Structures are given as structure tokens and as C-alpha cells.
**Q** 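Right, I'll just put the structure down here and ask away after.
Just so we're on the same page: letters track the sequence lines, and every chain starts at 1. Computed from a predicted structure; not experimentally measured.
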2 protein chains.
Amino acid sequence: MKKRVPTIRDVAASAGVSVATVSKFMNGTQRFSAPVEARLKATIARLGYQSNPHARYMVTGETRTIGVAVLDIRNPHFTSLVKGANRIALQFDYTLLLVDLEENAAREYQLIEALARRVDGLLLNTRMADDATDRLAPLNKPIVMINRASDDSKVASVSPDNHRAGFMLAQHLLNQNYRDIGYLGYPQSRANTIRLEGVTDCLASAGLAPRVFEADSPTAAAGERACSSILFGPERPDALICYNDLIALGFLKEARNLGFSLPGDVAVCGFDNISHGEYAWPGLTTVDIRSERLGEIAMLRLVDALAGKPASESGPLEPRLIVRESTLGRPRGA
Amino acid sequence: MKKRVPTIRDVAASAGVSVATVSKFMNGTQRFSAPVEARLKATIARLGYQSNPHARYMVTGETRTIGVAVLDIRNPHFTSLVKGANRIALQFDYTLLLVDLEENAAREYQLIEALARRVDGLLLNTRMADDATDRLAPLNKPIVMINRASDDSKVASVSPDNHRAGFMLAQHLLNQNYRDIGYLGYPQSRANTIRLEGVTDCLASAGLAPRVFEADSPTAAAGERACSSILFGPERPDALICYNDLIALGFLKEARNLGFSLPGDVAVCGFDNISHGEYAWPGLTTVDIRSERLGEIAMLRLVDALAGKPASESGPLEPRLIVRESTLGRPRGA
DNA sequence: GTGAAAGCGCTAACAT
DNA sequence: ATGTTAGCGCTTTCAC
């Protein structure tokens, strides 16, 4: 015999009060006479009653749920984002409805749309083209986008300062006396463009320009694939800035396999400061874009929006350069 | 002017049919006359109508949502679990309600209880004591536990074959001629006991026994902390099996800092086959417990239970030994 | 093949 | 301070 979950009516009957009283008690909407309060407390505890969130939604219109869509939860940068978002959400009594899009552009919009029906607001990390964000408007829910170019004015978004992060990495390499600097990008990502601009702007101040290569996905496997053609190309760069740490790590590994010595033959660095980099060898120089904090900020923005507060326009999050062994070799001919 | 989301009544009115008809159409419960079907299709498309999942739940009792609680989403093993679970869930039209417990035992039960109210079933990864699982029964929802000892008969659970995995690692080290083998465990985890048993049983067949050390958390930081006292202890082991790859990676890094040469001075390996290990140096020998597949299987079990199907009792998932450089050094005196 | 109506568990407006 | 009641959007008998 399955025992039925107690409803508000069970509690009301059992405590000898009306459902309205129980409802008000549960929500702390009102004060009660001592005897009623005592009976209510006892009955609720005895029955183990908890209000049904879905029924509650029916009348309040609030789900206390935030939809989170990420391209790939296994990318440590995205994992951290979710971690940070989860922390703030719990703090404000929200729960995360998570969808891993698996980098599947085809189902992307459909999944997000379905997600939107069940939540109060959305935290989105997609590769959706800018014009496609128009399609999100009819969802009629507060949305915060993550890792989107900040000049995208239509929807709220939080991103690291990608330009500055790129600039930092390039400056560091210049300081280390590297001159022939390559950039291994991932053109599908919006952040890629800005990171490259940061690199380019910095190098320009020294009268240099980066040689640009492309990876076909933001993964270590893509870094491995790109490696040989870069290292055995006509003019091998001194140093390589990769679109993210995963690509850098893959490149690093493959370069070692190919018999190159790192960072002696080529220095390598990336973006994101994923934990892999700390335990790799040589340790990976990177720039910490503070993913977890980014997730917290994004969720904070959403919570504010949901509470009807104005968006506190804080600037992009300051990145931090993390120098490790992968860029500390003496460049050729220096 | 905010435009209201269309309800089933809007569609009914606009198409000149009853709400019952629209409902049946949406659910494919019935066939319709051509004209009605055409009108319905057109109206639904025009209004962009989609049924409200919460209202639907009110009558069906189904949320089409699975609650997933993990100890720490940033632990790559758990991330993979979620990835696999998400894949199967989407396939069966479920969505994941995710809660990261942040290894916080205090709020654990409370969070899970709240989660249970909103979902059809639960996928749980907790350190809750076995007797505490009794507290989950009143939740009255199908539950699949992850990474729990298989002898725990009360609740369904899926786990890797931890004993075999431990055995494999120990056997590999014996094959490599290591004799003085240590085990750096994390006693708070149930899997830890079984992994150690696997190691112990294997070594026993060679007349040996592992020396056991303890880490205070399942993280790289804990591996770093444990390192010096093990390596500078009275009798330094030849080889060290760590409770998981994170601990192993931390140990590896710190050992290098302390001036040891790996695997020459000490071989190191772990469990989980997290991607870090492939890009570390020396590459980390590990045993792949197939986390992502584990997540898939767990979710499959849950989906079956929800569909009223009997649990197909498949045995534990076969682990796979992944040998890399961290255990390929020549042992001392061999 | 289609419609009318009851009711899921809850909150909020209003009455007392 | 407490109770009555009308829905929220939907599915599901049960008529027709």
C-alpha cells in the first residue's frame, strides 16, 4: 500500500483549521494565536507535510527554478560556471534545471524553448548567432547569457574581459622575449574574436602581429590535431596562445609526442585556468577568467531581475594571469 | 505591454473547439477529422502554444523531471556521471533538476528532500550513511544511488566494480615488479573500502600487503598535503595507489616539487580515468570506471522504474586499466 | 469525433 | 485571527 503524500487539506482537517490558515502558516504570511500555531506545527511535523511546489506555481506563477543550458558540462570552464550558479541559486532558494546541449546546434533552440516553459529565468551558454537571440524574446523570461560579446545590447550577458585577457597573455610573452607569436583559435566562439583582438592589439604596440591558426573544436583533441601542422609548418612560432586551456593541453601533449621540448621549442598558453593546467607538465600558463565567479555573477543578475531589481551594471570581471612553466623557456636566439 | 503566454483555452477559443479536443490533440490521444486537425495545427502554430508542464503535472502527477544530487560537480567523475545521465534523460524526454551539495553533509538531507518534491525520481550521489537511506523511503519516489556498495539491498544502486578495479591496479604494479605498494585512501567514501579490498586481495596472493595512508578529501589539494609525510616517512613505498585520480595528480605534482623523480622514485596511479591524467606528465596510470556510461545506466534504470518496468539486473560495469608513464619506471633494486 | 465538467493542491482576495 | 471561495492550466471521465 502506497501512502499518499499529505496535502494541505489533510493538514487543515487534522489540525482543525482551514486550508487558508495552513497556507498562511506555511508561507509565514501572518501571525497566529498560540494554540493554533502549536497545533499547526505539531500536525505538520506528524504528517511530514511539505507544500507542493507545482501546485504553488499554479497560482503564484513562480517555479523557483532557473533553467541552465550549457554547451558541454564536461568542459571545466562550463562546469565551474554551473558550480557558481548553483551556489547562488540555492542561497536564494532556487534550483537549477540543467540541460547539456552537447554542442548540438540542431536541437539547441528546441531544448531551450522547452526549458523556458518550466522555469522563472534562463542562464544560457550557447553558440546561437546574435540574430537568433531575437527568437528568445518571445520566451518572455529574464535571460542572462554567458560568454557573449558585451556589445550585444539586446540581452543581458556576463563575460570575462576577453580582450584584456588576450592582451595579458601577449604582453607576458613579449616580456619573456618571445617575438614570433601564434594564436590557435576556435572561430565558432564569439569570445575567440575578442581574445585575438587583445593579442593583436598588444603585439601591434611592439610592431608585431600574431600568426593565426584554427582548431576545429574547443577540446584537447582538436589541440592535438592542430599540433603537427603548426610545428612542422614553414615558420614555426616561438610561442602559441591557444583559445582555451583544453586546446593548449592537447597541443602540449602532442608536441611532446612529436619530440619537441617545451617550452624550449615552443611556449604554450591558454585561457580559462582549468585545474588540468596546474597538474600538467610543464605547468600551463593561462589566464584565470574566474569561471566560478562568473557563474555566481550571472545568477545574481538573474535573481535581481526576478526580484524586479534594476540590473547593477558592473563591468566585466578582471582576469588574472597565471604564469607557469609552459612559457618560461628561453626563446630561440634570445 | 507584456504578452501573455497562450493557454489551452486560447487555442480552443481561437480554433472553435473545446479545450478537451485541444488537449487530446496535444497528447496524440486520439484521431481527428481532417478539418479540425488542420484548424488545430494552424492555430497552435500561430499562437505558438505549448502546454504548461506544471499544470499538466497537476493532473497527471508526472513532472518529467529527474532530480540529480551530486557531491561536487567539479569532480570530473561526477561531471561525467551527469553528462551520461543528461543524455539518456533527454532521450526519454526528461530534464535534470541538478543540485550540487558542495560536500555539505549538514544540508544534504534537507536539499534532497526538497528536490524530491519536484521530481519523478532521484539520482543520488551522497555520502549519507547506509542507515540514513531509510530516511529516503518516505520520499516515496524511485531512487537510484550512485557509487554505493552493491551489498546495500534497500535501494537500487549502480557502481563500478571497485574491487576489480583495485585488483587490476595492484596486479599491474606487481607485474611491473613493484613490491612495496602503498594505498592512499579517502575513508569517508564507501567505494574506498572496496577499492582497498581489491588491492589487498591481489597483493595477498603475492604474500604482500599494502601500507595504508589517508587523504582528508577526494581532491588534488589533499593529495598534495599527504605527499611529504608519505615520501619522507620511515619506509617510502615503491608505488602508490590513490583513491582517485585527483588525489594522485596532487600527489604527483607535490612529489615533483619535493624533488622526487617519477615514476623512478615512486610510481603513482589512481581511479576514475579523468581527462587530467592524460595530459599530466608523467601520464597518469588509472583505471577507467566508465563514469559517463555509469551515469547512462543509472538513468536508464530510473527511466525503467518510472515506466513500471522491472529492473534489469545487470552486473557492475567492467573497469578498464589504462597504463601510462606514471607506473612504468623501473622499481628500486629491480 | 467532440464537448462539458470535475478536480489536481495551492494562494489570495475577501469576508467575518 | 481565521474561514470561504474562486480560480491557476491542464487531463480525464463520461455524455453525446
**Q** Does a side-chain N or O from A:Thr21 land closer than 4.0 Å to OP1 or OP2 of D:dG3, or not?
**A** yes

**Q** Within this structure, what is the CZ-to-P distance between A:Arg56 and C:dC10, rounded to whole angstrom?
**A** 11 Å

**Q** Without decimals, in angstroms, what is the distance between A:Lys24 NZ and C:dC14 P?
**A** 13 Å

**Q** Please give me the minimum heavy-atom distance between B:Asp272 and B:Ile289, naming the atom from each residue.
**A** OD1-CD1, 3.2 Å

**Q** Grab the NE2-C1' distance between B:His54 and C:dT11 for me, whole Å please.
**A** 16 Å

**Q** When all nucleic acid strands are considered with a 4.0 Å heavy-atom cut-off, which category describes B:Tyr49: base, sugar-phosphate, or nothing?
**A** sugar-phosphate

**Q** Picking from D:dT2, C:dG9, C:dA5, which would you name as closest to the side chain of A:Arg9?
**A** C:dG9

**Q** From the set D:dG3, C:dT2, D:dC10, return the single nucleotide nearest to any side-chain atom of B:Val36.
**A** C:dT2

**Q** If you only use heavy atoms from C-beta on, which nucleotide in C:dA4, D:dG9, C:dA12 is closest to the side chain of B:Ala55?
**A** D:dG9

**Q** May I ask you to verify if any side-chain N or O of A:Ser18 is less than 4.0 angstrom from the OP1 or OP2 atom of D:dG3?
**A** yes

**Q** Please lay out, stage by stage, how A:Arg118 and B:Thr65 fare under the test side-chain hydrogen bond (donor to acceptor under 3.5 Å, both in side chains).
**A** CA-CA 10 Å; A:Arg118 342 177 107 251; B:Thr65 295; 2.9 Å; yes

**Q** Just how far, in rounded Å, is P of D:dC8 from CD1 of A:Ile8?
**A** 18 Å

**Q** A:Met26 has an atom CE; how far is it from atom P of C:dG9, in whole Å?
**A** 15 Å

**Q** Identify, between A:Thr60 and B:Ala20, the residue whose nearest nucleotide on DNA chain C lies closer to the 5' end.
**A** B:Ala20

**Q** Just the rounded figure in Å: distance from P of D:dG9 to CE of B:Met58.
**A** 13 Å

**Q** Flag the pair A:Asn147 / A:His77 as yes when at least one side-chain heavy-atom distance between them is below 4.5 Å, and no otherwise.
**A** yes

**Q** Rounded to whole Å, how long is the line connecting atom CG of A:Asn52 with atom P of D:dC8?
**A** 18 Å

**Q** Between the side chains of A:Asp100 and B:Arg87, is the shortest nitrogen-to-carboxylate-oxygen separation below 4.0 Å, so that they form an ion pair?
**A** no

**Q** Closer than 4.0 Å, any side-chain N/O of B:Thr29 to the OP1 or OP2 of D:dT11?
**A** no

**Q** Between A:Phe32 and A:Val19, which has a closest nucleotide on DNA chain D that is more 5'?
**A** A:Phe32

**Q** Taking only the side-chain nitrogens and oxygens of B:Asn27, find out if one of them lies under 4.0 Å from OP1 or OP2 of D:dT11.
**A** yes

**Q** Whole Å only: how far is the CD atom of B:Glu62 from the P atom of D:dT12?
**A** 10 Å

**Q** Nearest heavy-atom pair of A:Ser51 and A:Arg56: which atoms, and what distance?
**A** OG-CD, 4.4 Å

**Q** Ignoring backbone atoms, test whether A:Ser23 places a side-chain nitrogen or oxygen under 4.0 Å from the OP1 or OP2 oxygen of C:dT11.
**A** yes

